[in-house]
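Throughout, a chain's letter reflects where its sequence line sits, starting with A, and its residues are numbered from 1.
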2 protein chains.
Amino acid sequence: MSENKKYNIEVRVWIEEAEGAFLGIGKIWLLENIKKTGSITNAAKEMKMAYRQAWQLVEEMNQRAESPLVEKLLGGKGGGGAKLTEAGERAIEVFYEVEKRIKEFALKETQNLKF
Amino acid sequence: MSENKKYNIEVRVWIEEAEGAFLGIGKIWLLENIKKTGSITNAAKEMKMAYRQAWQLVEEMNQRAESPLVEKLLGGKGGGGAKLTEAGERAIEVFYEVEKRIKEFALKETQNLKF
DNA sequence: CAGCAGTATTCTTTTAAAAACATACTGAAA
DNA sequence: TTTCAGTATGTTTTTAAAAGAATACTGCTG
């Protein structure tokens, strides 16, 4: 009764829709950075991610949501930009809320794991 | 109040140990197939997975568990084989139990998702 | 109407993961 | 002492995903 390794339960949460994965932690981070920086370009830089991929993720989200999460502004002063819609703001909150509850539940299950 | 998309929460559960991922659903399936077929070779075939990879997964599990989950028999009649240890049997049960509880909890959280 | 900065989109290259291939090794049993 | 089927392990090939590069488009502003 001495050398006991520590094990803990990890949980990954995401939200699906008929067509497939809709919203996971990666897209949430992207939403947060778009909110913070005001554009997909700068959000991508912040995350050291290619603009191309960030743009694709935004497309996916917008198409799979009932109403778009990100509003894109084309051209104009500063070339345009992107900002969260009401639905986008709510999505962040809802996701974190759900994720938090599930992770807390998982943590409780961690007691006494042995292998 | 009509076109409402259906969203549901998906959850992936696995168990970590200091060195990294220890046990997820993939390794559990492998354990089950080893139990069923009596060898890594046949388990791998069953799962249409390369023997090499199956063998590596077994190594990982055994090293990260406090005591091995799979006992390997080398040479002899039939070339040898592999079988689950007591710890291996228990690992399957524990994993499914934990996973089931968490997924049930997640299901309850699914109500009223809207995006 | 030229400049600008971000969005939109296609094409190419790189990289990393998985699969496939090849070959020893092991030990009971005939 | 050869056979056999499974374990053990290194090398090569394939494949899919990510990254990168290149280019067109948009519409305000000076």
Side-chain angles (χ1 to χ4, degrees), chain A residues 12 14 19-22 24-65 67-85 87-88, chain B residues 12 14 16 19-65 67-85 87-88:
Chain A
R12 180 89 188 209
W14 72 99
E19 319 268 315
F22 161 57
I25 189 64
K27 287 190 185 132
I28 291 291
W29 285 337
L30 180 56
L31 288 179
E32 291 178 315
N33 278 302
I34 288 172
K35 175 175 181 163
K36 180 177 153 199
T37 66
S39 79
I40 297 176
T41 295
N42 288 324
K45 273 177 194 155
E46 199 88 359
M47 302 172 71
K48 287 169 206 291
M49 150 186 285
Y51 168 83
R52 182 184 163 44
Q53 165 146 12
W55 178 84
Q56 282 172 335
L57 292 176
V58 169
E59 281 305 280
E60 238 180 67
M61 275 190 271
N62 278 352
Q63 274 165 26
R64 293 185 177 170
S67 64
L69 305 188
V70 176
E71 184 184 349
K72 290 176 283 182
L73 314 167
L74 231 172
K77 113 175 129 76
K83 53 184 282 201
L84 300 195
T85 62
Chain B
R12 180 89 188 211
W14 72 97
E16 291 227 345
E19 319 268 316
F22 162 56
L23 200 60
I25 189 64
K27 287 191 186 130
I28 291 292
W29 285 337
L30 180 55
L31 288 180
E32 291 177 315
N33 278 301
I34 288 171
K35 175 174 181 162
K36 180 177 153 201
T37 66
S39 78
I40 298 176
T41 295
N42 288 323
K45 273 178 194 152
E46 200 87 358
M47 304 172 71
K48 288 169 204 289
M49 149 186 286
Y51 167 82
R52 192 179 195 308
Q53 166 148 12
W55 178 86
Q56 282 172 335
L57 293 176
V58 169
E59 280 304 278
E60 238 179 69
M61 275 190 268
N62 278 352
Q63 275 165 24
R64 291 184 180 174
S67 63
L69 305 188
V70 176
E71 183 184 351
K72 291 176 283 182
L73 314 167
L74 233 170
K77 112 174 132 79
K83 53 184 284 202
L84 300 195
T85 61

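Residue B:K72 contributes atom NZ, which lies 16 Å from atom P of D:dG6 at whole-angstrom precision. Atom CH2 of B:W55 and atom C1' of C:dA24 are 13 Å apart (whole Å). Atoms CG (A:N62) and C1' (C:dT7) sit 13 Å apart, rounded to a whole Å. Atom CD in B:E71 sits about 12 Å away from atom P in D:dA8, given to the nearest Å. Rounded to whole angstrom, the span from the CD1 atom of A:I34 across to the P atom of C:dG6 amounts to 14 Å.
Picking from D:dT7, C:dG6, D:dA18 the nucleotide with the shortest atom distance to the side chain of B:L74 gives D:dT7. Checking D:dT26, D:dT11, D:dC28 against every side-chain atom of B:R52, the shortest atom distance belongs to D:dT11.
Not one side-chain nitrogen or oxygen of A:T41 sits closer than 4.0 Å to the OP1 or OP2 atom of C:dA5.
If B:K45 and A:K77 are placed on DNA chain D by their nearest nucleotide, the residue sitting closer to the 5' end is B:K45.
Nucleic acid contact for A:S39: sugar-phosphate only, since backbone atoms but no base atoms lie under 4.0 Å from a heavy atom of the residue. Backbone-only engagement by B:G80 is indicated by non-hydrogen atom pairs under 4.0 Å involving sugar-phosphate atoms exclusively. Residue-level contact check: A:I40 touches the backbone only, with heavy atoms under 4.0 Å from sugar-phosphate atoms and none from bases. A:G76 comes within contact range of at least one nucleobase, with a heavy-atom separation under 4.0 Å.
Heavy-atom minimum distance, A:V70 versus A:A82: CG1-CB, 4.0 Å.
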Decide side chain to side chain contact (heavy atoms under 4.5 Å, CB included) for A:E46 and A:W29; before the verdict, give the C-alpha distance in whole Å, the side-chain angles of both, and the deciding distance to 0.1 Å.
CA-CA 10 Å; A:E46 199 88 359; A:W29 285 337; over 6 Å; no
Step-by-step side chain to side chain contact (heavy atoms under 4.5 Å, CB included) determination, A:L31 to A:M61
CA-CA 10 Å; A:L31 288 179; A:M61 275 190 271; 3.8 Å; yes
